[in-house]
Amino acid sequence: MTHHRSAWRNRWTFMLATAGSAIGLGNIWKLPYMIGVNGGSAFVLVFIACIFFVGIPLMMTEILLGRRAQKNPLNGIETLAIEANASRHWKYLGGMGMITGLLILSFYSVIGGWVLSFIGAAASGSFVGMDGTQSTANFNQLLASPLTLLFWHTVFMIMTMGVVARGVNSGLEKANNILIPALFAILLILLGYSMSVGDMSASFRFMFSPDFSKITPVAVLSALGHAFFSLSLGMGSVMVYGSYLQRDVSIARATIYIALADTLLGLLIGLAIYALVFANQLAPNAGPGLIFQTLPIAFGQMPSGSLIATLFFILVAFAAWTSAISLVEPTIAWVVENTEISRKIATTILGLIIWLIGISVVFSFNEWQNVTIIFGLNIFDTLDKLTSTILLPLGGLLIAIFAGYFMKNSHVQEELNLHQWSFKVWILMNNVIAPIGIIGVFLYLFKIIQ
């Protein structure tokens with residue numbers, strides 16, 4: 001079955017789309033609270049090391065696999081396995097990544113719904129004069145209402161699928177060309193505001209004054225898992241975006257730009273958030289509720305706080321939206337390339353499936369909050385830990401092994417087109433450093449479980 005394959009119009013649109021995939025709730029919701037929970041600067045150092053030594057080489061690998069195969073992850077890996085005279089069973093690696101993306105989107109959409117609801121709350125002035133008790137009660141009230149959560153989960157899914165249904169150029173490309181520049185513009189406004197009214201010096205000390213005593217195995221495990229989550233690795237998104245990439249684009253250069261933009265944005269948001277947190281004598285280790293419980297208190301005490309809060313949650317919504325689009329695209333591409341189903345119908349069917357799974361996540365915060373799956377974790381926490389701690393790193397490990405030990409070096413170099421010394425560095429990082437790091441983390445994880 002032959003389908004016309006879309007392509008990005010140029011390198012810029014590819015970089016914006018891939019940056020949009022990477023820049024999401026992982027940067028704005030998850031990274032700041034993980035920095036707080038894991039001791040600030042210590043976690044930042046480990047996270048940056050994971051991005052550099054594991055994230056960048058594996059992102060290069062995913063892009064080269066996608067561009068060489070020119071197919072969705074499942075069919076693409078199978079094609080490359082045949083080319084390398086390896087087992088066709090490698091195709092299930094692509095399938096695992098696609099399933100991981102869908103599982104992530106099922107809970108990601110619910111959190112995206114929280115963000116949408118907070119835009120309205122911020123714009124209406126609900127945060128003005130809010131104290132800790134009121135903020136906690138406000139957030140708990142949201143979580144306790146399944147109908148409210150379901151409504152916003154539905155709105156977020158419609159937003160996401162509406163873009164995906166329009167295809168690569170009319171949907172993904174146009175959305176990212178608008179949303180990513182807007183995201184950075186809003187971030188600069190927020191950063192400037194935090195510098196003027198927040199405690200930026202305390203924020204800098206917290207994030208960038210190393211305290212090596214706080215670097216624990218748990219912090220390393222969390223940092224590595226988050227590096228995968230932050231760069232959208234191991235779920236097929238980067239691979240399928242790479243399959244739409246032109247041959248004349250440098251994979252290495254594009255990857256470095258994307259990783260730098262993603263990491264820089266996450267750290268700048270962290271600086272902006274903690275400047276406000278410290279200026280208002282709030283706890284930096286508030287956990288997952290940091291932007292939904294702690295920040296509303298800070299916004300409520302600030303001049304023009306309602307406007308800034310509205311801009312902040314719009315920024316979070318844009319970031320979540322661009323990432324959500326990339327989570328479902330690999331599976332949509334597979335359906336379109338392997339069946340007679342149109343993109344719009346495929347998007348509708350898959351959207352409904354993900355929406356239904358998301359309903360169980362909605363109930364895990366209220367009606368089913370006592371329902372546990374594994375290790376005493378509820379549905380939301382199970383999906384989060386399963387994907388970010390196990391499936392994403394496992395996918396990354398297998399991708400590194402496949403490209404490094406099964407594909408021919410000449411085929412890899414044909415896509416990467418690196419100087420000889422640069423190619424040797426990539427081989428060292430992809431074939432040795434990244435796998436050892438991931439395996440080491442898995443061994444520690446199994447030790448904890450036992």
Side-chain angles (χ1 to χ4, degrees), residues 18 21-22 24 26 30 50-51 53-69 71-81 84 86-108 221-243 255 258-259 262 323 326-331 333-334 382-407 412 429-443 445-446:
T18 311
S21 171
K30 205 170 184 182
C50 289
I51 290 288
F53 289 108
V54 179
I56 289 177
L58 288 186
M59 179 174 266
M60 290 172 62
T61 303
E62 283 208 38
I63 294 172
L64 82 86
L65 292 177
R67 186 166 73 176
R68 186 163 190 86
K71 295 178 180 177
N72 65 79
L74 194 151
N75 294 137
I77 294 289
E78 182 179 25
T79 297
L80 297 177
S87 170
R88 284 174 178 252
H89 292 315
W90 276 104
K91 68 181 181 182
Y92 297 115
L93 167 59
M96 183 180 78
M98 287 156 49
I99 291 171
T100 301
L102 299 185
L103 290 176
I104 291 174
L105 183 54
S106 70
F107 68 82
Y108 201 91
L221 176 67
S222 299
L224 182 63
H226 189 67
F228 278 87
F229 195 92
S230 177
L231 292 177
S232 296
L233 299 177
M235 61 182 78
S237 301
V238 173
M239 197 182 303
V240 79
Y241 277 15
S243 73
T255 299
I258 293 163
D262 174 71
S323 286
S326 73
L327 289 170
V328 72
E329 177 60 22
T331 310
W334 178 80
T382 298
L383 288 171
D384 183 23
K385 298 296 182 186
L386 174 66
T387 53
S388 63
T389 307
I390 299 175
L391 292 179
L392 294 183
L394 178 60
L397 173 63
L398 294 175
I399 284 169
I401 291 172
F402 176 74
Y405 294 97
F406 288 85
M407 287 183 69
V412 174
M429 296 174 80
N430 182 86
N431 296 14
V432 181
I433 295 176
I436 288 176
I438 297 170
I439 291 171
V441 167
F442 273 136
L443 290 175
L445 177 65
F446 291 140

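Just so it is clear, the model here is predicted, and its values are computed rather than measured.
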Quiz item: Quick one: which of Thr387, Leu386, Leu105, Leu394 gives a side chain to side chain contact (heavy atoms under 4.5 Å, CB included) with Thr100?
Solution: Thr387
Practice problem: Indicate the atoms forming the closest heavy-atom contact of Ala86 with Phe406, along with that distance. | Solution: CB-CD2, 3.9 Å
Practice problem: Would you please test Val238 and Ile399 for side chain to side chain contact (heavy atoms under 4.5 Å, CB included) and show each step? | Solution: CA-CA 12 Å; Val238 173; Ile399 284 169; over 6 Å; no
Quiz prompt | Neighbour count above 12 (heavy atom, 6.0 Å) for Trp90 CH2 | solution = yes
Quiz item: Are any side-chain N or O atoms of Asn430 and backbone N or O atoms of Ala400, one a donor and one an acceptor, separated by less than 3.5 Å?
Solution: yes
Practice problem: Can you measure from OH (Tyr92) to CD (Glu78) and round to the nearest 0.5 angstrom? | Solution: 8.5 Å
Quiz item: Where do Met429 and Phe53 come nearest, in terms of heavy atoms and distance?
Solution: CE-CA, 3.6 Å
Quiz item: Got a second to check how far Leu58's CG is from Ile51's CD1, nearest 0.5 Å?
Solution: 10.5 Å
Exercise. Supply the atom-to-atom distance Leu391 CG to Leu103 CG, rounded to the nearest 0.5 angstrom.
Key: 7.0 Å
Quiz prompt | Under the side chain to side chain donor-acceptor pair (under 3.5 Å) test, residues paired with Thr79 that sit two or more places apart | solution = Lys71
Quiz item: Say you draw a straight line from CZ of Phe402 to CD1 of Ile77; how long is it, rounded to the nearest 0.5 Å?
Solution: 5.0 Å
Self-check item: Exercise: identify the closest heavy-atom pair between Val412 and Ala403
Solution: CG2-O, 3.8 Å
Practice problem: Evaluate the side chain to side chain contact (heavy atoms under 4.5 Å, CB included) criterion for residues Leu102 and Leu327: first the C-alpha distance (whole Å), next the side-chain angles of each, then the deciding distance (0.1 Å), finally the verdict. | Solution: CA-CA 6 Å; Leu102 299 185; Leu327 289 170; over 6 Å; no
Quiz item: Which pair of non-hydrogen atoms, one from Val240 and one from Ala333, has the smallest distance, and what is that distance?
Solution: CG2-CB, 3.9 Å
Quiz item: Any idea which heavy atoms bring Ile438 and Gly396 closest together, and the distance?
Solution: CD1-C, 4.2 Å
Practice problem: Apply side chain to side chain donor-acceptor pair (under 3.5 Å) to Arg68 and list each qualifying residue two or more places apart in sequence or on a separate chain. | Solution: Glu83, Glu415
Quiz prompt | Spatial distance of atom CG (Leu64) from atom OG1 (Thr255) [nearest 0.5 Å] | solution = 9.0 Å
Quiz prompt | Pairwise side-chain contact, Asn72 with Ser243, heavy-atom cut-off 4.5 Å (strictly under) | solution = no
Quiz item: Any idea which heavy atoms bring Gly95 and Leu74 closest together, and the distance?
Solution: CA-CD1, 3.8 Å
Practice problem: Please round to the nearest 0.5 Å and tell me the distance separating atom CZ of Arg67 and atom CE of Met239. | Solution: 14.5 Å
Quiz item: Do Met407 and Leu65 pass the side chain to side chain contact (heavy atoms under 4.5 Å, CB included) test, and can you show the C-alpha distance, the side-chain angles, and the key distance before you say yes or no?
Solution: CA-CA 10 Å; Met407 287 183 69; Leu65 292 177; 3.3 Å; yes
